[in-house]
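One structure is given here, and the rest of the page talks about it.
Numbering of ligands and ligand atoms starts at 1, following listing order.
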Amino acid sequence: MKKITAFVGSARKQHTHHAVLQLFTNLQALGAIECEIVALSDYDLGTCRGCKLCFDKGEALCPLKDDRDALLAKIMASDGVVFASPNYSFQVSAIMKIFLDRLGFVFHRPRFFGKTYTSIVVQGIYRGDQIVKYLDFVGYALGFNTVKGSCIRSLEPMTEKQKLKTDKILANQSKRFYYRLMKPAFPVPSLMDLMMFRMSRTSIRLMLQGNPDHTYYKEKGWFESEFYYPVHLGVFKKTAGRVFDSIAAIVVRRR
Ligand SMILES: Cc1cc2nc3c(=O)[nH]c(=O)nc-3n(C[C@H](O)[C@H](O)[C@H](O)COP(=O)(O)O)c2cc1C
């Protein structure tokens with residue numbers, strides 16, 4: 001059975017919570033799925049102090065002693081993940097942003113490959129679409145297989161038309177999420193994904209010796225591999241991969 005965990009960035013159990021519950025109900029109608037809601041406000045998360053020890057020396061040296069690792073473990077134990085946030089002042093809520101900052105080092109050392117991800121943004125009126133784009137990029141940069149998120153409206157009083165629209169949006173998102181979840185977990189990368197990986201890994205190899213990113217990439221075997229995970233590349237992508245490595249090496253040497 002697949003396990004889905006939703007991380008919710010609202011301190012109250014209202015619209016964002018209900019949207020996640022609806023997504024879960026839809027998913028469970030599609031197949032056998034275990035679901036968990038993690039209300040971020042129930043966890044102790046410190047505000048990042050910006051010391052960058054996680055980047056420069058390793059995340060174990062972070063001076064904040066909070067629930068970061070417990071939340072990371074919840075992601076690692078899931079096949080699918082949802083990040084859901086209300087729109088607060090045209091951005092994710094503060095608690096969601098604090099959570100994302102606590103995962104900051106994972107953008108440098110991605111690890112959620114093979115897991116399906118999507119986002120939900122709930123708003124009164126305006127600009128939630130931009131937040132969905134932001135959260136979807138966050139999912140991509142953390143290593144997830146990202147399914148395009150949704151923005152829904154909670155403006156009271158809710159009309160029947162609005163309710164139907166929300167149901168439709170969440171039903172559609174549930175299907176897309178479910179089908180991605182059931183597909184092979186480790187897809188062949190797009191040319192863009194391949195370029196991002198090869199340019200990053202070559203830059204890290206040449207520039208960051210002694211840095212935890214370098215150690216992490218080395219331990220994962222990423223300086224020799226085709227991609228983050230074992231995958232069969234065709235001749236075109238194999239060649240393109242080598243070209244991306246060479247371009248990154250030239251850029252590093254010219255700097
Ligand atoms: C501090 C605050 C800021 C908000 N800013 C916006 C905003 O910029 N745009 C918007 O459309 N809605 C905004 N809203 C409305 C919320 O997105 C909306 O009420 C949402 O349903 C809250 O999620 P919840 O019901 O899960 O608590 C704001 C609400 C609060 C409390």
Side-chain angles (χ1 to χ4, degrees), residues 3-29 33-50 66-68 70-72 74-75 78 80-104 116-142 144 146-178:
K3 161 100 198 221
I4 314 295
T5 308
F7 296 83
V8 177
S10 174
R12 55 183 209 152
K13 288 196 170 77
Q14 289 292 318
H15 299 286
T16 313
H17 182 88
H18 290 140
V20 167
L21 283 182
Q22 194 172 334
L23 185 93
F24 281 177
T25 304
N26 296 342
L27 289 173
Q28 283 170 331
I33 285 179
E34 184 193 340
C35 298
E36 181 182 354
I37 292 193
V38 171
L40 292 172
S41 53
D42 290 344
Y43 287 77
D44 174 29
L45 280 175
T47 305
C48 174
R49 296 179 193 164
D66 60 9
D67 289 334
R68 178 197 72 182
L71 292 168
L72 258 175
K74 282 189 175 293
I75 298 178
S78 306
V81 164
V82 183
F83 284 1
S85 176
N87 173 351
Y88 277 3
S89 314
F90 314 116
Q91 245 305 343
V92 292
S93 63
I95 179 84
M96 175 58 77
K97 186 60 170 57
I98 285 170
F99 173 56
L100 299 180
D101 290 348
R102 298 298 286 119
L103 299 181
T116 302
Y117 166 97
T118 197
S119 67
I120 298 177
V121 171
V122 180
Q123 68 174 357
I125 306 173
Y126 183 54
R127 250 187 117 80
D129 289 340
Q130 301 296 318
I131 308 173
V132 170
K133 277 190 192 151
Y134 164 69
L135 278 178
D136 286 354
F137 181 76
V138 162
Y140 169 74
L142 291 171
F144 290 111
T146 300
V147 171
K148 192 168 179 286
S150 297
C151 176
I152 58 179
R153 281 198 171 177
S154 64
L155 203 59
E156 304 283 358
M158 185 89 75
T159 62
E160 216 32 58
K161 194 174 162 196
Q162 189 58 49
K163 272 188 207 149
L164 286 173
K165 193 172 170 192
T166 298
D167 289 349
K168 203 170 153 190
I169 290 171
L170 288 172
N172 182 293
Q173 185 179 10
S174 308
K175 276 189 206 140
R176 289 184 287 108
F177 186 85
Y178 182 79

Counterpart residues, ring pair (Phe, Tyr, Trp, His ring centres under 6.0 Å), relative to Phe24 (two or more places apart): none
Short N or O distance, Gln14 and ligand 1, threshold 3.5 Å exclusive: no
Backbone N/O of Tyr140 and side chain of Thr146: donor-acceptor pair under 3.5 Å: yes
Where ligand 1 meets Pro86 - atom numbers and elements under 4.0 angstrom, heavy-atom basis: 22 (C), 23 (O)
Identity and distance of the protein heavy atom lying nearest atom 8 (O) of ligand 1: Phe90 N, 3.0 Å
Within 6.0 Å of NZ in Lys3, more than 12 heavy atoms from elsewhere: yes
side-chain contact (heavy atoms from CB on, under 4.5 Å), paired with Phe83, selected from Val8, Leu40, Leu142: Leu142
Protein heavy-atom partner closest to atom 20 (C) of ligand 1 - residue, atom, separation in Å: Ser154 OG, 3.5 Å
Any side-chain donor near an acceptor of the partner, Ser10 and Thr16, under 3.5 Å: no
Protein heavy atom at shortest distance from atom 26 (O) of ligand 1: Thr16 OG1, 2.6 Å
Point-to-point distance, once rounded to the nearest 0.5 Å, from CE of Met158 to CG of Leu164: 11.0 Å
Proximal atoms of ligand 1 relative to Ser10 (non-hydrogen, under 4.0 Å): 24 (P), 26 (O), 27 (O)
Tyr88-ligand 1 polar pair, N/O distance under 3.5 Å: no
Check ion pair Asp101-Lys97 (N to O, under 4.0 angstrom): yes
Residue, atom name and distance, where the atom is the protein heavy atom closest to atom 28 (C) of ligand 1: Asn87 O, 3.4 Å
Donor + acceptor pair across side chains of Gln173, Thr118 (<3.5 Å): yes
For atom 15 (C) of ligand 1, closest protein heavy-atom neighbour: Gly124 N, 3.8 Å
Stepwise side chain to side chain contact (heavy atoms under 4.5 Å, CB included) check, Val92 with Phe99: CA-CA 11 Å; Val92 292; Phe99 173 56; over 6 Å; no
Polar atom proximity, Tyr126 to ligand 1 (N or O, under 3.5 Å): yes
Ligand 1 contacted by Arg12 (non-hydrogen, < 4.0 Å): yes
Identity and distance of the protein heavy atom lying nearest atom 5 (N) of ligand 1: Ser89 N, 2.8 Å
Ile125 N/O to ligand 1 N/O under 3.5 Å: yes
